[in-house]
Each structure stands twice: as C-alpha cells, then as structure tokens.
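All of these numbers come straight from a predicted model, not from anything done at the bench. Order of appearance sets the numbers: ligands from 1, and atoms from 1 within every ligand.
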Amino acid sequence: MMSATRHSKVMIIGSGPAGYTAAVYAARAMLEPVLIQGLTPGGQLTITTEVENWPGDTHVQGPDLMIRMEVHAKAMGAEVIGDYITGLDLQKRPFTATADSGTTYTADAVILATGAQAKWLGLPSEEKFKGFGVSACATCDGFFYRGKEIVVIGGGNTAVEEALFLTNFASKVTLIHRRGSLRAEKIMQDRLFKHPKITLLWHHEVTEVLGTEAPLGVTGVRARNVDTGAITDVPCAGFFVAIGHAPASELVKDQLPLHNGGYVVVEPGSTRTAIPGVFAAGDLTDHHYRQAVTSAGMGCMAALDAEQWLAEQ
Ligand code: FAD
Ligand code: NAP
C-alpha cells in the first residue's frame with residue numbers, strides 16, 4: 001500500500017487552546033504549520049459547558065470557543081488535519097510522525113500540545129452526571145455551588161487545594177479519601193484540618209453518585225468504608241473528582257525527560273524541551289495551572305520559540 005508523506009516546517013500535535021494558539025502564531029510567522037487534531041478536536045474544553053474565565057467572554061460554551069479557535073487558526077493559514085499520531089521519532093531529522101490514517105508527517109520543528117486528562121473513578125453514575133453535578137475542575141465549576149454542600153474525592157495536593165478553594169462557595173465540603181493519611185503537602189493539610197467548613201471521611205471509597213433524573217442533578221454520593229464495608233450516603237449538590245491528572249505524554253515518554261507524574265519538562269520560562277527543535281505547551285507540560293488561558297499563552301510561546309529556533313538553523 002502506498003502511504004503519503006507530508007512535510008512541514010512546523011508540526012503542531014493537539015487541537016486544544018495550546019495547539020490552536022500555536023497555529024495562529026506560526027501561520028502569521030509564515031511558517032505554514034500543519035496541526036494534527038487527535039481524537040478530541042478542540043481538546044478538553046469540548047467536554048465542558050460554560051467557561052466563565054476566558055478573557056473577553058463573560059460566558060462562552062467550551063465547544064463554541066474551540067470551534068472559533070479552529071476557524072481562527074485556519075483563517076490565518078494553518079492546515080488543520082483530522083488525524084491521530086500513533087508514533088513519533090524525535091531522534092532523527094526531520095522529526096517523523098506516523099498517523100492513524102497511514103500518512104507519515106515529517107517536520108523541521110515540532111510543537112507538542114497533547115494536553116492532559118483528568119482521571120475519573122470509572123463509575124457509570126459518575127459518567128451520567130458529568131457536567132450535571134460531577135466535575136473535575138473546581139476553578140471552573142465551583143461557582144455553581146454557592147451555599148450548597150460539596151464532596152471532593154482524593155488525597156493529593158489537587159484534592160486538598162480544591163476542597164479549600166470550594167469553601168469559598170460551599171456551605172460544607174466533605175473530603176473523602178481511601179486511606180487514613182493524605183499525600184498532600186503538610187502545610188496544605190494543616191489548612192484543611194483547621195477549616196471550619198471541611199469534614200474528612202477517611203478510609204472510604206465512592207461507589208455511586210446519587211441523583212435525580214428530571215432535572216438531571218446530583219443529590220449525594222454513596223461511600224463505602226474500605227475496612228468494614230459499611231455504607232454511608234453523603235448529601236451534596238456537587239461532586240468533585242480530584243484523583244490526579246494524566247498528561248498525554250505517551251508519544252514522548254521514552255524520548256524526553258518527564259516529571260511530576262508524566263509532564264514534559266521544559267526550560268523554565270520557555271517551551272524548549274531537551275531536544276532542540278521540539279517544544280511543548282499547555283497541560284502536557286503544566287501540572288500546576290492547567291487552564292485554557294495559560295495553555296493558550298504557552299502555545300503562543302511555543303510558536304515564537306519555534307520561529308526563533310528555525311531562523312537560527
Ligand atoms: P487539551 O485541551 O487537553 O487538548 C489536547 C489535544 O491534544 C486534543 O485536541 C487531543 O485530541 C490532542 N491529542 C492528544 N493526543 C494526541 C495524539 N496522539 N495525536 C494527535 N493529537 C493528540 N480551563 C479554563 O481555563 N476554564 C474552564 O472553565 C475550564 N473548564 C474545564 C472543564 C473541564 C471538564 C475540563 C476537563 C477542563 C477544564 N479546563 C478549564 C481546563 C482546560 O480545558 C485545559 O487547561 C486546556 O484545555 C488545556 O489545553 P491544551 O491545549 O494543553 O490541551
Ligand atoms: P496525586 O498526587 O497523584 O494524588 C492523587 C490522589 O488521588 C491520591 O491521594 C490517591 O490516593 C487518590 N486516588 C487515586 N486514584 C484513586 C481512585 N481510583 N479512587 C480514590 N482515590 C484515588 O495527584 P494530584 O493531587 O492531582 O497531584 C498531581 C501532582 O501535581 C503532584 O505532583 C502534586 O504535588 C502536584 N500539585 C501541586 C500543587 C501545588 O503545589 N500547590 C497543586 C496541585 C497538584 P492514594 O493517596 O491512596 O494513592
């Protein structure tokens with residue numbers, strides 16, 4: 001079978017805010033970028049509804065925002081391709097990617113913008129209420145639970161940070177953790193334990209999200225004591241899953257240094273990775289901020305870094 005090869009000066013892998021912003025900047029620098037969208041055209045914001053912290057839009061639907069970014073990138077001259085990269089060789093020049101379609105993409109510079117995904121418990125009821133009381137982003141959705149009870153699950157920094165942040169809105173926050181000690185930093189734990197609005201439920205796992213059908217909404221979670229098997233129902237209007245994020249670094253895990261559980265390491269203050277000509281932006285490299293606007297900012301930086309690097313070659 002004949003397979004096509006497509007060369008570009010800059011290949012961008014990923015179509016979230018980082019990828020599309022990199023495409024806008026690279027196209028305007030006349031680098032004729034090729035952007036590969038992956039399995040989720042538009043990225044993580046396409047699985048949410050209201051976005052209220054994208055500057056310039058008081059309210060915008062996540063999927064609409066991402067369509068506008070795609071249109072913008074194309075209008076500036078980026079080639080946006082619906083394909084999925086299955087293999088990436090960064091050891092030889094030009095960099096070479098193999099894709100699901102059978103096409104081989106080669107490029108002088110690569111911008112990695114494959115993002116990250118929140119880890120979920122994997123319960124059918126969790127899936128059912130996603131966006132209707134179940135969330136993995138307190139910054140995004142906390143505001144919707146003013147004066148209501150909230151449950152957070154997890155025992156790391158994210159869970160503790162989210163629980164503390166959610167006290168700004170909630171009347172009560174219950175943190176459920178499967179063990180008897182937290183992984184989070186001690187200073188964060190101190191704040192958590194001292195907080196009058198926060199209750200801890202140790203040694204419990206959540207087995208089901210409880211809710212109503214019409215309107216679709218969460219009324220509580222069913223928790224099981226992992227030692228005794230005893231069941232406790234905890235009432236809440238919002239259930240925040242904070243059991244970690246998984247960066248999509250599979251393509252580069254054996255080729256680039258990773259840290260903090262799989263995030264691509266970049267030189268501080270830049271998007272340069274350990275391999276010259278390979279840049280990383282957005283949630284793939286950011287275990288801390290994980291926001292659309294910061295990802296877009298890093299996408300811009302990656303395109304500017306790539307432009308400068310190509311000019312030096
Ligand atoms: P992502 O958006 O994760 O996009 C990654 C892209 O890479 C996808 O297009 C995917 O298809 C592609 N990709 C992955 N692997 C491959 C591959 N092998 N080949 C080709 N392409 C690939 N942030 C806010 O600022 N405000 C909010 O209100 C907000 N709400 C959120 C709600 C939810 C439910 C979630 C999950 C996140 C929310 N976030 C919010 C966070 C925000 O979505 C992320 O910070 C942002 O999307 C990260 O952008 P990114 O470009 O780095 O990657
Ligand atoms: P994490 O440190 O990996 O913690 C995940 C937590 O979720 C753990 O407590 C784990 O329990 C629990 N968990 C995992 N799977 C579960 C499941 N299926 N059911 C129930 N509980 C489950 O993840 P994170 O908190 O997102 O942090 C990721 C990284 O980002 C860390 O390096 C963290 O330090 C960093 N971070 C830093 C800050 C900060 O500095 N302010 C803020 C946020 C994140 P066990 O403890 O039992 O394993």
Test of proximity, Gly156 against ligand 2: N or O pairs below 3.5 Å | yes
Can you find an N/O atom of Ala159 closer than 3.5 Å to an N/O atom of ligand 2?
-> no
Can you find a protein heavy atom closer to atom 2 (O) of ligand 2 than 4.0 Å?
->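 When distances to the protein are checked, atom 2 (O) of ligand 2 has a heavy atom within 4.0 Å.
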For atom 8 (C) of ligand 2, is the nearest protein heavy atom closer than 4.0 Å?
-> yes
At less than 4.0 angstrom from any non-hydrogen atom of [X], what atoms of ligand 2 do you find?
| X | answer |
| --- | --- |
| Gly244 | 23 (O), 26 (O) |
| His177 | 9 (O), 11 (O), 45 (P), 46 (O), 47 (O) |
| Gly155 | 6 (C), 7 (O), 8 (C), 9 (O) |

Axial cation check for Phe143 ring with Arg146, 6.0 Å and 45° limits = yes
Check whether more than 12 heavy atoms from other residues, nucleotides or ligands sit under 6.0 Å from atom [atom1] of [X], and answer yes or no.
| X | atom1 | result |
| --- | --- | --- |
| Arg68 | CZ | yes |
| Lys130 | NZ | yes |
| Phe144 | CZ | yes |

Basic-acidic side-chain contact under 4.0 Å: Arg222, Asp233 = yes
Presence of salt bridge, Arg178 and Glu205, under 4.0 angstrom =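 Judged by the 4.0 Å cut-off on N to carboxylate O distance, Glu205 and Arg178 do not form a salt bridge.
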Decide yes or no for [X] and [Y]: does some side-chain heavy atom of the first lie under 4.5 Å from some side-chain heavy atom of the second?
| X | Y | result |
| --- | --- | --- |
| Tyr105 | Thr96 | no |
| Tyr84 | Gln37 | no |
| Val173 | Val152 | yes |

Is it possible for you to say whether Leu112 and Ile36 belong to one hydrophobic cluster, with membership spreading through side-chain heavy-atom contacts below 4.5 Å?
-> yes
Is Ile12 reachable from Leu310 through a run of I, L, V, M, F, W or Y residues, each pair having side-chain heavy atoms under 4.5 Å apart?
->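 Cluster IDs for Leu310 and Ile12 match.
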Between the candidates [options], which shows the shortest non-hydrogen contact distance to [atom]?
| atom | options | answer |
| --- | --- | --- |
| atom 13 (N) of ligand 2 | His288, Arg178, His287 | Arg178 |
| atom 25 (O) of ligand 2 | Asp286, Ile176, Thr158, Val226 | Thr158 |
| atom 41 (N) of ligand 2 | Lys119, Arg179, Glu161 | Glu161 |
| atom 21 (N) of ligand 2 | Leu182, Ile187, Asn260, Ile243 | Ile243 |

Assess Glu185 for proximity to ligand 2: is some non-hydrogen atom of it under 4.0 Å away?
-> yes
Contact check, Arg183 vs ligand 2, heavy-atom distance below 4.0 Å | yes
Report the nearest protein non-hydrogen atom to atom 38 (C) of ligand 2: residue, atom name, distance rounded to 0.1 Å.
->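 For atom 38 (C) of ligand 2, the nearest protein heavy atom comes out as Asn157 CB, 3.7 Å.
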Enumerate the protein residues lying less than 4.0 Å from ligand 1, judged by heavy-atom distances, in chain and residue-number order.
->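 Lining ligand 1 at under 4.0 Å, by heavy atoms, one finds Ile13, Gly14, Ser15, Gly16, Pro17, Ala18, Ile36, Gln37, Gly38, Leu39, Thr40, Gly43, Gln44, Leu45, Ile47, Thr48, Val51, Asn53, Tyr84, Ile85, Ala113, Thr114, Gly115, Ala116, Cys140, Leu251, Gly282, Asp283, Arg290, Gln291, Ala292, Ser295.
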Of the backbone atoms (N, CA, C, O) and the side-chain heavy atoms from C-beta on, which set of Leu121 has a member under 4.0 Å from an atom of ligand 2: side chain, backbone, both, or neither?
->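 The side chain, only.
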Can you run down the salt bridge (charged side-chain N to carboxylate O under 4.0 Å, His left out) pairs that involve residues 9-19, sequence neighbours left out, and say none if there aren't any?
->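 Every pair satisfying salt bridge (charged side-chain N to carboxylate O under 4.0 Å, His left out) with a residue in residues 9-19: Lys9-Glu32.
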Decide if the gap between the ring center of Phe240 and the ring center of Tyr145 is smaller than 6.0 angstrom.
-> yes
